[in-house]
Structures are given as C-alpha cells and as structure tokens.
2 protein chains.
Amino acid sequence: MRNDINIEINDVCEEQCVHNDAVTEVKEKMPNLDTLFTLAELFKMFGDTTRIRIMCALFQRELCVCDLSEILGMGQSAVSHQLRLLRTSSIVKVRREGKSAYYSLDDEHIQKIFELGLEHINEERRA
Amino acid sequence: MRNDINIEINDVCEEQCVHNDAVTEVKEKMPNLDTLFTLAELFKMFGDTTRIRIMCALFQRELCVCDLSEILGMGQSAVSHQLRLLRTSSIVKVRREGKSAYYSLDDEHIQKIFELGLEHINEERRA
DNA sequence: TTAACATATGAACAGATGTTCATGCATTGA
DNA sequence: TCAATGCATGAACATCTGTTCATATGTTAA
C-alpha cells in the first residue's frame with residue numbers, strides 16, 4: 001500500500017492507459033535531453049529553404065557571400081545572417097581573402113543528411 | 001552597347017564581385033526550388049525537441065499517444081498536435097485499436113537521418 | 001443510452017524566426 | 001588619407017511555430 005502511495009506521488013498525472021513497462025523501458029533508453037536539444041538545433045538549420053539552398057550551392061564549390069546572394073536572388077544582408085547561423089552550427093566555414101569571405105561546407109555529414117532527406121521525399125512522391 | 005543595356009536589365013542589382021562563371025554553373029546544377037522547399041519542410045520536422053524526442057521514442061517501439069505523453073512529460077494535446085505534423089510529413093503512421101492510437105515510424109530513412117545528425121554533433125563536441 | 005476514456009482539433013497566446021533597413025568595420029586602390 | 005567595396009550585425013517588423021485551453025469525436029463498458 002505504501003508502495004502504491006509512492007507511485008501516485010512520483011507519477012503525477014498518470015493517465016490510465018499508460019503501458020508502464022513500455023514507458024519505463026523507453027524512458028531509460030532515451031538519449032539525454034541535452035543531446036536531443038542539440039540535435040534539434042542542428043536540424044533546424046536544414047529546416048529553412050534559404051539555408052538549404054545555401055548548403056546545396058556549397059555542395060558544388062566554395063562561394064563568396066556576393067555569389068550566394070546572386071545565386072539565391074536575395075539581399076546580401078539576408079544571406080549573411082543565414083551564413084552566420086550556419087557558421088555557428090559548424091555547418092559551413094569561412095576563408096577570408098581580401099575584401100571577400102569564401103564559404104564552404106565544414107563536414108561531409110551535411111551532404112549525407114541532405115541526400116537521405118532527398119531519398120525520403122522522393123519515396124514519398126512515388127508512394 | 002545594346003547588349004550592355006540588356007545585361008543591366010536582366011541582372012538587376014548585380015554586385016561587382018560576382019564570379020559569373022561560378023554563379024552560372026552553380027545555378028544550373030541546383031535542384032529546383034520546389035524540391036528544396038519540400039526538403040526544408042521535412043527537416044523542419046526534425047528541428048524541434050519535442051518532435052525529435054517523439055521520433056527517438058518510436059525508434060524503440062510502437063507507442064500510443066498516452067504513453068508518449070507520459071514519456072515526454074507533456075500534455076496529451078501538445079503531443080497529439082505534434083503527431084499530426086509528423087503524420088502529415090509521412091514520418092510516422094498510426095494504427096488504431098479500440099480507443100487508442102498507436103504510432104510508429106513510417107520509414108527507415110528517418111532513423112538514418114537522426115543517426116547522421118548525432119554523428120555530426122558528436123564530432124563537433126570532440127573537435 | 002450514458003459515462004468514462006483516448007485522441008483530435010480549433011482558437012488564442014507567447015515566443016521564435018527570417019527579412020529588411022541602416023549602419024559599422026575592414027580591406028583595397030587611388 | 002579617402003572613397004569604394006564586401007561583409008557583418010543590431011533593430012524593427014511581420015510571420016511562423018508550439019503550447020495550452022476548451023471542446024469535439026469516436027470507442028468501450030455498464
């Protein structure tokens with residue numbers, strides 16, 4: 001009985017349908033919240049058309065801000081802001097030469113993630 | 001001279017530093033905007049901690065809304081709203097049984113994308 | 001049928017996000 | 001040194017997003 005009381009105290013708001021074994025096991029095996037938060041932050045970078053287009057352009061070659069601005073048909077400021085986010089997330093890196101800043105991809109995972117995403121949406125379209 | 005005028009008309013706001021060869025080539029090889037938009041929509045689903053946690057839980061096993069609600073420590077409504085988004089993006093699928101709705105992953109790409117993301121952030125941390 | 005329950009969903013709200021505008025900083029060439 | 005150029009960045013603004021609340025839908029058991 002004391003045991004029951006403890007369960008009630010610990011599992012506040014427990015719904016009646018909960019499969020306790022499943023819930024406990026899944027909870028234990030989940031990566032910690034910090035990791036998942038960081039992961040979400042990474043994927044957030046892929047979750048905007050402008051940034052995806054920037055990455056996609058950089059798959060081909062290193063480019064300066066001005067080139068990217070022209071390729072995307074967007075203002076230099078907008079591109080620059082997005083590049084800052086991509087830099088912060090270690091997705092792109094800069095190389096400065098004279099007045100220009102040349103951006104390129106920092107890591108081959110980026111393209112792999114991109115390609116898996118493409119596969120997924122293509123299967124979806126076929127289905 | 002007429003040629004110069006046309007160039008000015010077509011390439012409005014052209015910056016002076018643009019590397020025209022590079023820009024033209026990259027532009028040609030870029031996937032179309034629709035595809036990149038759809039791709040961004042997909043990755044948007046990975047770009048939220050709640051949804052990442054849901055996917056992560058479903059890697060282990062099929063779960064009902066109520067279980068997920070308990071695992072995440074979040075309200076049923078919030079979870080249900082997110083599941084709807086994941087359903088719409090063909091990331092999860094539902095199986096209904098009695099009063100419950102059991103969710104599971106729709107496609108193995110999802111876990112692969114997740115794992116590549118993990119690799120990326122782990123390399124980042126090591127560096 | 002009715003009550004209880006699991007889930008879904010619309011509305012409302014707060015907070016996050018992306019672009020533009022204005023401006024600052026560094027580099028280059030005159 | 002000064003003007004022009006390429007890039008970065010803060011502020012402002014509109015839009016998008018995620019959660020909560022209230023409520024609806026559909027299923028089950030009594």
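Everything numeric here is computed off the predicted structure, so don't read it as measured data. Lettering of chains follows the sequences in order, A, B, ..., and the numbering in each one begins at 1.
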> Starting at the 5' end of DNA chain C and moving along, which residue's nearest nucleotide shows up first, B/Ala101 or A/Leu85?
Replying inline: B/Ala101

> Separation of A/Leu83 atom CG from C/dT17 atom P, in whole Å?
Replying inline: 18 Å

>> Please pick, from C/dA8, D/dG6, C/dT19, the nucleotide with the shortest atom-to-atom distance to any side-chain atom of A/Gln82.
In response: C/dT19

> A/Leu63 CG to D/dG6 P: how many Å, rounded?
Replying inline: 15 Å

> Closer than 4.0 Å, any side-chain N/O of B/Lys99 to the OP1 or OP2 of D/dG26?
Replying inline: no

>> Ignoring hydrogens, what is the shortest heavy-atom contact between B/Leu105 and B/Met55? Give both atom names and the distance.
In response: CD1-O, 4.3 Å

> Is any N or O donor-acceptor pair between the side chain of A/Ser77 and the base of C/dC21 shorter than 3.5 Å?
Replying inline: yes

> Can you tell me how far P of C/dT17 sits from CZ of A/Phe46, to the nearest Å?
Replying inline: 16 Å

> How long is the gap from OH on B/Tyr103 to CG on B/Leu83, to the nearest 0.5 Å?
Replying inline: 5.0 Å

> Looking at C/dT9, D/dC7, C/dC21, which one has an atom nearest to any side-chain atom of A/His81?
Replying inline: C/dC21

>> Can you identify which nucleotide, out of C/dT7, C/dG10, C/dG18, has its nearest atom closest to the B/Arg84 side chain?
In response: C/dG10

> Under 4.0 Å between a side-chain N or O of B/Arg96 and OP1 or OP2 of C/dA6?
Replying inline: no

> Quick one: which of C/dT7, C/dT9, C/dT19 gets closest to the side chain of A/Met74?
Replying inline: C/dT19

> Which nucleotide in the set D/dG18, C/dT19, D/dT20 lies at the smallest distance from any side-chain heavy atom of B/Ala78?
Replying inline: D/dT20

>> What is the separation between atom CG on B/Leu68 and atom C1' on C/dA6, rounded to the nearest whole Å?
In response: 13 Å

> Rounded to whole angstroms, how far apart are CZ on B/Arg53 and C1' on D/dT19?
Replying inline: 14 Å

> For B/Asp48 and C/dG15, what is the distance between atoms CG and P respectively, to the nearest whole Å?
Replying inline: 16 Å

> In whole angstrom, what separates B/Leu72's CG from D/dG18's C1'?
Replying inline: 14 Å

> Parallel, tilted or perpendicular for B/Tyr102 and A/His19, by the 30°/60° rule?
Replying inline: tilted

> If only side-chain N and O atoms of A/Ser80 are considered, is one of them under 4.0 Å from the OP1 or OP2 phosphate oxygen of D/dT9?
Replying inline: no

> Rounded to the Å, how far apart are B/Met45 CE and D/dC16 P?
Replying inline: 14 Å

>> Is it the case that C/dA6 (base atoms only) and B/Gln76 (side chain only) share a donor and an acceptor within less than 3.5 Å, ignoring hydrogens and angles?
In response: no

> Heavy atoms under 4.0 Å, any strand shown: does B/Tyr103 hit a base, just sugar-phosphate, or nothing?
Replying inline: sugar-phosphate

> Between A/Phe59 and A/Phe114, does the ring centre distance come in under 6.0 Å?
Replying inline: yes

> Roughly how far, to the nearest 0.5 Å, is CZ of A/Arg61 from OG of A/Ser104?
Replying inline: 12.5 Å

